[in-house]
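Chain A is the first sequence line, chain B the second, and so forth, proteins listed ahead of strands; every chain is numbered from 1.
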Protein chains: 2
Amino acid sequence: MEGHLTDGVVEVGANGRERYYDSRGYGRPRGEGVDLAPVEAAHLLYRGDLDAVDGTGLGGFLADNDGVVVPFLVYKDLRERGFYVSPAREGWVEDADGADFVVHPRGDGPWDGTVEHRVRVVGERASVALGSLGDVVLAVVDEESELTYLETDRPDVEGSNVASEFPTVDGDLLGDRVLCWDPPAALYERGFYGQPLDHEGGAVQLSLLEAASLTERGALSVDGGTDAIMARGRSAEGDRFDRRYTVYRALREQGVVPKTGFKFGADFRTYDGVEHIDDLGHSELLVRVLPAGVERSPREIALDVRLAHGVRKRMLFALVGSGSVRWLSVGRLTP
Amino acid sequence: MEGHLTDGVVEVGANGRERYYDSRGYGRPRGEGVDLAPVEAAHLLYRGDLDAVDGTGLGGFLADNDGVVVPFLVYKDLRERGFYVSPAREGWVEDADGADFVVHPRGDGPWDGTVEHRVRVVGERASVALGSLGDVVLAVVDEESELTYLETDRPDVEGSNVASEFPTVDGDLLGDRVLCWDPPAALYERGFYGQPLDHEGGAVQLSLLEAASLTERGALSVDGGTDAIMARGRSAEGDRFDRRYTVYRALREQGVVPKTGFKFGADFRTYDGVEHIDDLGHSELLVRVLPAGVERSPREIALDVRLAHGVRKRMLFALVGSGSVRWLSVGRLTP
């Protein structure tokens with residue numbers, strides 16, 4: 001059969017509805033005929049189930065509509081994985097906003113109105129606003145046309161750590177760290193603050209973030225107090241320091257212990273349920289702190305997710321607005 | 001004993017030479033006395049082997065010289081690993097340029113003039129010009145005072161692949177890729193160009209980089225030729241596309257096959273000795289393409305190195321100047 005491209009849909013008349021929609025979940029019915037999204041028409045041309053669109057085959061159709069190429073690769077892959085896939089067009093699916101496709105649960109079709117995944121298609125070179133994620137799967141088509149699916153979610157972050165109590169500690173602000181020459185053992189061993197200068201204990205070095213959160217709750221005494229520490233941090237990192245401090249404090253308040261994620265190229269790794277430093281569990285999250293409005297390339301996102309996966313952690317982005325933090329987790333997905 | 005800070009060195013008189021230099025490799029002799037670098041004086045104060053500098057102990061000395069804190073942490077760590085370490089000061093060691101310390105081979109001391117590592121100390125928040133690396137070890141002190149050593153080298157990149165011969169292929173430039181509907185099997189199977197549209201073979205999708213390198217050697221025919229492909233790439237990536245193409249071509253010319261490194265957040269992964277696609281070896285290098293003058297934070301470098309290590313590859317930075325490529329490999333080191 002033959003289709004005709006009109007107003008962004010490919011119309012197929014006659015018994016198109018029975019042939020393409022009823023039996024195989026393509027398009028939307030129009031009387032006895034069917035309206036196909038261009039990507040569906042491309043797939044039918046590719047399969048040889050549609051002879052032509054306005055007289056041309058797949059090559060010509062893609063050449064005339066080259067914006068269809070990348071979505072076509074994703075649509076084709078999802079179909080080959082055994083899913084019915086509906087183009088997320090107004091009136092075709094509910095909540096089309098921010099998605100290109102709705103993937104139906106295995107065995108369900110467009111007539112069921114059920115949703116397994118909402119999928120947004122992006123090329124490797126796109127720029128993705130992280131704030132727009134959380135309820136979609138990113139289908140990234142890289143420059144060699146390989147596909148990567150990234151699941152996004154907006155989780156709550158909660159741990160079971162309780163702030164440990166210890167007498168106020170004295171510290172010296174030295175460069176961009178604070179040295180406590182004679183701290184109570186609980187500072188490091190139970191609060192998991194800082195890093196001993198020696199394996200045998202004794203002096204403990206605190207990061208500026210740890211120091212600021214301790215002075216703020218009156219557990220650390222440093223010349224100039226919190227202000228002096230914050231000033232030191234800002235002179236080194238600018239606004240970034242304030243964002244990182246907002247996240248550090250939010251994690252501690254949620255009962256999670258943040259430690260530096262430097263070795264993983266992240267801002268923090270986190271621990272839950274720290275009773276004593278000697279029986280520390282596996283750190284669960286890798287946290288990257290970013291401004292709320294940030295855009296990242298799929299390549300940057302893939303790098304973080306790949307690394308977190310490789311070290312058995314969950315990748316969590318902390319998007320910091322004015323004083324508030326929004327959590328976004330991203331992980332690999334195999335549909 | 002007591003030292004006095006003068007002109008950036010801590011002078012210890014009397015039998016300082018015998019006590020600190022001859023027996024334990026600190027400082028440089030001056031008659032019967034010794035000149036200590038501030039970091040060495042800090043270490044001796046810390047060990048309790050020096051009583052005071054100008055009347056103050058370690059805390060006061062570091063407070064007065066807080067630029068010494070970070071190098072002190074590295075010096076202390078290297079000493080504890082059993083090395084003699086010489087501050088890289090003019091006249092103290094050869095080739096002091098770009099280094100903070102010279103680490104002598106185990107068992108050797110400053111009097112031997114031998115070199116195991118040249119070490120540059122950087123804080124996590126520093127910014128590192130990649131072009132300045134290649135003959136030093138970076139000792140990165142993160143915000144929690146943990147140390148990471150990164151070995152840098154300027155390797156040659158050479159592989160054993162030979163350009164495979166096949167008749168000129170026709171392709172369509174569609175969006176930011178090229179589709180070859182009916183290519184010879186050798187294009188993908190032996191040349192390892194592109195990605196089949198189907199597992200059963202048939203149509204092959206080429207990246208813009210692959211397509212440009214093929215049109216340039218007359219192996220691919222596309223409307224508009226190399227210029228059209230380059231224009232498409234530049235409209236998507238700007239100068240970055242030219243840099244990546246320079247590196248892609250250099251790798252192919254060196255007998256190495258570059259494929260996308262997207263899944264690793266890099267520009268390329270590379271294969272050597274590709275005879276046939278069915279017996280592809282493990283890919284050896286992860287390549288990140290950057291402008292020659294680029295500066296990176298230690299955190300960014302650590303992220304790349306950690307990931308490459310996790311997937312058993314070597315991290316290679318390709319620094320692209322005007323048409324030329326300089327290779328820089330970076331890896332973890334345990335001194």
Side-chain angles (χ1 to χ4, degrees), chain A residues 46 58-60 62-63 66-70 73 76 80 123-125 140-146 148 172-177 179 181 194-195 197-199 203 205-210 236-237 244 259-267 297-307 310-311, chain B residues 46 58-60 62-63 66-70 73 76 80 123-125 140-146 148 172-177 179 181 194-195 197-199 203 205-210 236-237 244 259-267 297-307 310-311:
Chain A
Y46 161 75
L58 180 60
L62 292 179
D66 67 7
V68 174
V69 176
V70 168
L73 295 171
K76 171 178 176 295
E80 285 168 358
E124 168 178 357
R125 299 175 172 102
V140 185
V141 181
D142 71 30
E143 65 182 329
E144 289 176 7
S145 307
E146 289 193 23
T148 304
D172 294 343
L173 180 55
L174 300 175
D176 58 1
R177 61 210 71 228
L179 263 150
W181 298 103
Q195 163 92 337
L197 190 55
D198 286 306
H199 316 300
Q205 314 164 71
L206 300 170
S207 74
L208 293 174
L209 295 171
E210 293 172 319
E237 293 190 336
R244 297 176 71 240
K259 298 295 281 186
T260 178
F262 174 79
K263 284 190 162 53
F264 309 106
D267 289 291
S297 73
R299 188 186 284 117
E300 291 171 300
I301 300 170
L303 174 55
D304 283 338
V305 169
R306 178 65 185 237
L307 178 59
V311 293
Chain B
Y46 162 74
L58 179 59
L62 292 179
D66 68 8
V68 174
V69 177
V70 169
L73 295 171
K76 171 178 175 294
E80 286 169 357
E124 168 177 357
R125 299 177 172 100
V140 186
V141 181
D142 71 30
E143 64 182 329
E144 288 175 8
S145 308
E146 289 192 23
T148 303
D172 295 343
L173 180 55
L174 300 175
D176 59 1
R177 60 210 70 228
L179 264 148
W181 297 103
Q195 163 92 339
L197 190 56
D198 286 305
H199 316 298
Q205 316 163 70
L206 300 170
S207 75
L208 293 175
L209 295 171
E210 293 172 319
E237 295 191 337
R244 300 176 70 239
K259 298 294 281 185
T260 177
F262 174 79
K263 284 188 165 50
F264 308 106
D267 289 291
S297 73
R299 188 184 285 116
E300 292 171 301
I301 300 170
L303 175 55
D304 282 339
V305 170
R306 178 65 184 238
L307 179 59
V311 293

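- At a threshold of 4.5 Å between non-hydrogen side-chain atoms, the residues A:R177 and B:V70 count as touching.
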> Given the rule in the side chain to side chain contact (heavy atoms under 4.5 Å, CB included) test, do B:D172 and A:L62 qualify, once you have shown the distances and angles that lead to the verdict?
Replying inline: CA-CA 10 Å; B:D172 295 343; A:L62 292 179; over 6 Å; no
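- Ranked by heavy-atom pairs shorter than 4.5 Å toward chain B, the options A:E124, A:R306, A:E144 are led by A:E144.
- Between chain B and the residues A:A302, A:S145, A:A203, the largest count of heavy-atom pairs under 4.5 Å involves A:S145.
- With sequence neighbours left out, the side chain to side chain donor-acceptor pair (under 3.5 Å) criterion links B:E237 to A:R125, B:R240, B:R244.
- Contacts of A:A266 with chain B are made by backbone atoms alone, with heavy-atom separations under 4.5 Å and no side-chain atom involved.
- Taking 4.5 Å as the limit, every side-chain heavy atom of A:D176 sits out of range of all side-chain heavy atoms of B:V69.
- Only the side chain of A:L209 comes within less than 4.5 Å of a heavy atom of chain B; its backbone N, CA, C and O stay farther away.
- Residue contact with chain B, scored on non-hydrogen atoms closer than 4.5 Å, involves the backbone and the side chain of A:D267 alike.
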>> Show, in sequence, the C-alpha distance, side-chain angles and deciding distance for A:F262 and B:E146, and conclude whether the side chain to side chain contact (heavy atoms under 4.5 Å, CB included) test is met.
In response: CA-CA 9 Å; A:F262 174 79; B:E146 289 192 23; over 6 Å; no
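- Heavy-atom distances place the side chain of A:L73, and not its backbone, under 4.5 Å from chain B.
- Ranked by heavy-atom pairs under 4.5 Å with chain A, the first of B:S297, B:A236, B:G265 is B:G265.
- To the nearest 0.5 Å, atom CD of residue A:Q195 and atom CD of residue B:E143 are 12.0 Å apart.
- Looking at A:K259, the atoms closer than 4.5 Å to chain B (heavy atoms on both sides) sit in the backbone and in the side chain alike.
- By number of non-hydrogen pairs under 4.5 angstrom with chain B, the leading residue of A:P298, A:G123, A:G194, A:G261 is A:P298.
- Only the side chain of A:V311 comes within contact range of chain B, with heavy atoms under 4.5 Å apart.
- In summary, A:K76 and B:D198 engage in a salt bridge, as defined by a charged side-chain N under 4.0 Å from a carboxylate O.
- Comparing A:V305, A:L58, A:L174, A:V68 by heavy-atom pairs within less than 4.5 Å of chain B, the highest count is held by A:L174.
- Summarising the geometry, atom CG belonging to B:D66 is positioned 11.0 Å from atom CG belonging to A:L179; distances are rounded to the nearest 0.5 Å.
- Here B:T148 contributes atom OG1 and A:K263 contributes atom NZ; the two are 3.5 Å apart, rounded to the nearest 0.5 Å.
- Note that the CG atom of A:L197 and the OH atom of B:Y46 stand 5.0 Å from one another [nearest 0.5 Å].
- Residues passing the side chain to side chain donor-acceptor pair (under 3.5 Å) test with B:T260: none are found, sequence neighbours excluded.
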